[in-house]
Engineer: 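I have a structure here, written as structure tokens, and I will follow up with some questions on it.
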Amino acid sequence: MPPLTTSRRVEFRDTDAAGIVHFSAFFFWMESAEHELLRTAGVAVIERNSAGIDASWPRVSASCDYLSAARFGDELDIAVTVDAVGRTSVTYGFAFSHHGVAVANGRVVAVRCLMHPGRKPEAVPVPEDIATRLARFSGG
């Protein structure tokens, strides 16, 4: 299956003093696109548990390589892939483009965790049904 493709319009708030997209905006867009992929796959971003121990996907690594400038008003296409599903983690790939020109490539690693109140997140295995749903967006 092809990657999930979505788009975002560059807002004025996303730009820096030079008039180009500020580097930090790409991280917000990656998170938003990741959540869109999860919703499309039928996977909850946060699974609420009546006992107060929710399951979620904290990020443990994020990076972005910038290839060309994008500016206010540009509409960026974002192709999101699931590059790997590990025992407890999912690695996402992001390819940003504008009119077919590569703008940036990003990568995010999220870990499946139980969120115990008052304790640090506990990494747990990615359930098989979730791994299967995410495999639809495999990047290779």
Side-chain angles (χ1 to χ4, degrees):
M1 178 173 190
L4 174 89
T5 303
T6 187
S7 63
R8 298 291 182 274
R9 177 137 345 249
V10 176
E11 302 289 340
F12 184 74
R13 68 168 183 248
D14 301 322
T15 62
D16 62 15
I20 61 174
V21 174
H22 191 268
F23 76 92
S24 63
F26 289 91
F27 291 88
F28 290 111
W29 294 331
M30 287 189 286
E31 181 178 43
S32 178
E34 172 197 350
H35 290 180
E36 191 170 335
L37 183 144
L38 289 171
R39 283 191 302 274
T40 300
V43 176
V45 174
I46 300 173
E47 290 178 27
R48 301 287 182 195
N49 178 302
S50 60
I53 303 170
D54 300 333
S56 191
W57 303 91
R59 282 124 202 99
V60 297
S61 178
S63 63
C64 193
D65 295 317
Y66 307 99
L67 308 170
S68 64
R71 292 178 165 65
F72 170 72
D74 288 351
E75 187 168 337
L76 301 181
D77 294 317
I78 308 167
V80 187
T81 56
V82 173
D83 291 347
V85 177
R87 189 178 75 76
T88 63
S89 66
V90 178
T91 301
Y92 299 96
F94 301 86
F96 294 85
S97 63
H98 176 62
H99 293 302
V101 175
V103 172
N105 291 316
R107 179 179 167 275
V108 169
V109 179
V111 173
R112 174 79 173 182
C113 287
L114 296 180
M115 310 303 280
H116 300 278
R119 292 178 26 204
K120 71 177 191 167
E122 173 192 0
V124 295
V126 175
E128 187 60 39
D129 66 311
I130 290 177
T132 300
R133 289 184 208 158
L134 294 177
R136 294 177 27 214
F137 302 97
S138 176

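We count residues from 1, following the sequence as given. When reading the values below, keep in mind they use all heavy atoms of this one structure, side chains included, and skip hydrogens, waters and symmetry mates.
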Engineer: Asp54 side chain to Asn49 main-chain N or O, any donor-acceptor pair under 3.5 Å?
Structural biologist: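 Yes: the side chain of Asp54 pairs with the backbone of Asn49.
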Engineer: Let me check something: do Val80 and Val10 share a hydrophobic cluster, defined by ILVMFWY side-chain heavy atoms less than 4.5 Å apart, either directly or through other members?
Structural biologist: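 The answer is yes; both residues are in one hydrophobic cluster.
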Engineer: Please report the shortest heavy-atom distance between Glu36 and Arg8, naming the atom on each side.
Structural biologist: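 Minimum heavy-atom separation between Glu36 and Arg8: OE1-NH2, 3.3 Å.
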Engineer: So, taking the atom named CZ in Phe72 and the one named CD1 in Ile20, what distance separates them when rounded to the nearest 0.5 Å?
Structural biologist: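 Spacing of CZ (Phe72) from CD1 (Ile20) equals 15.5 Å.
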Engineer: Where the side chain of Ser56 meets the backbone of Val45, is there a donor-acceptor pair that is under 3.5 Å apart?
Structural biologist: yes
Engineer: Heavy-atom distance under 4.5 Å between the side chains of Leu134 and Leu38, does that happen here?
Structural biologist: yes
Engineer: Please answer whether the main-chain N or O of Pro121 pairs with a side-chain N or O of His116 as donor and acceptor at a distance below 3.5 Å.
Structural biologist: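 Such a contact is absent between His116 side chain and Pro121 backbone.
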Engineer: Please check if Leu4 and Val90 belong to a single hydrophobic cluster, counting links between Ile, Leu, Val, Met, Phe, Trp and Tyr side chain heavy atoms closer than 4.5 Å.
Structural biologist: yes
Engineer: Is Ile46 linked to Val60 within one hydrophobic cluster, defined over Ile, Leu, Val, Met, Phe, Trp and Tyr using a side-chain heavy-atom separation of less than 4.5 Å?
Structural biologist: no
Engineer: If a pair satisfies ring-ring contact (aromatic ring centres under 6.0 Å, His included) and one of its residues is in residues 23-48, list it, with sequence neighbours excluded.
Structural biologist: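 Output for this query lists Phe26-Trp29, Phe26-Tyr66, Phe26-Phe96.
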Engineer: What heavy-atom pair brings Ala79 and Pro3 nearest, and what distance separates the two atoms?
Structural biologist: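 Of all heavy-atom pairs spanning Ala79 and Pro3, the closest is CB-CG, 4.1 Å.
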Engineer: How close do Val85 and Ala131 get, heavy atom to heavy atom, and via which atoms?
Structural biologist: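 Answer, listing the atom of Val85 first, then Ala131: CG1-CB, 4.0 Å.
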Engineer: Roughly how far, to the nearest 0.5 Å, is the CZ atom of Phe137 from the OG1 atom of Thr5?
Structural biologist: 10.0 Å
Engineer: Give the minimum heavy-atom separation between Ser63 and Met30, together with the two atoms involved.
Structural biologist: O-CE, 3.8 Å
Engineer: Check Val21 against Arg71 and note the closest heavy-atom contact, atom names and distance.
Structural biologist: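 The answer is CG2-N, 4.3 Å.
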Engineer: At what distance, to the nearest 0.5 angstrom, does OG of Ser138 lie from CG of Asp83?
Structural biologist: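 Interatomic distance, Ser138 OG to Asp83 CG, rounded to 0.5 Å: 7.5 Å.
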Engineer: Under the side chain to side chain donor-acceptor pair (under 3.5 Å) rule, what pairs show up with a residue in residues 104-114, not counting sequence neighbours?
Structural biologist: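 Listed by first then second residue: Glu47-Arg112.
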Engineer: Among Val108, Val126, Val109, find the residue that satisfies the side-chain contact (heavy atoms from CB on, under 4.5 Å) test when tested with Trp57.
Structural biologist: Val126
Engineer: Hey, could you give me the CE/CD1 distance between Met115 and Ile53, rounded to the nearest 0.5 Å?
Structural biologist: 11.5 Å
Engineer: Short question: side chain of Thr15, backbone of Phe12 - any donor-acceptor pair under 3.5 Å?
Structural biologist: yes
Engineer: Are Val111 and Leu114 grouped together when hydrophobic residues (ILVMFWY) are joined by side-chain heavy atoms under 4.5 angstrom apart?
Structural biologist: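 In one cluster: no.
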Engineer: Check Glu34 against Ala110 and note the closest heavy-atom contact, atom names and distance.
Structural biologist: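 Here Glu34 and Ala110 meet closest at OE2-CB, 4.1 Å.
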Engineer: Measure the shortest side-chain to side-chain distance between Leu37 and Val82 over non-hydrogen atoms and say whether it is less than 4.5 angstrom.
Structural biologist: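 The answer is yes, as the side chains (C-beta and beyond) meet within the 4.5 Å cut-off.
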Engineer: Determine yes or no for a side-chain-to-main-chain donor-acceptor pair under 3.5 angstrom, with Asp16 supplying the side chain and Ala18 the backbone.
Structural biologist: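 The answer is yes, because a donor-acceptor pair under 3.5 Å joins these two groups.
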Engineer: Among side-chain atoms of Ser7 and Arg9, is any donor-acceptor pair under 3.5 angstrom?
Structural biologist: no
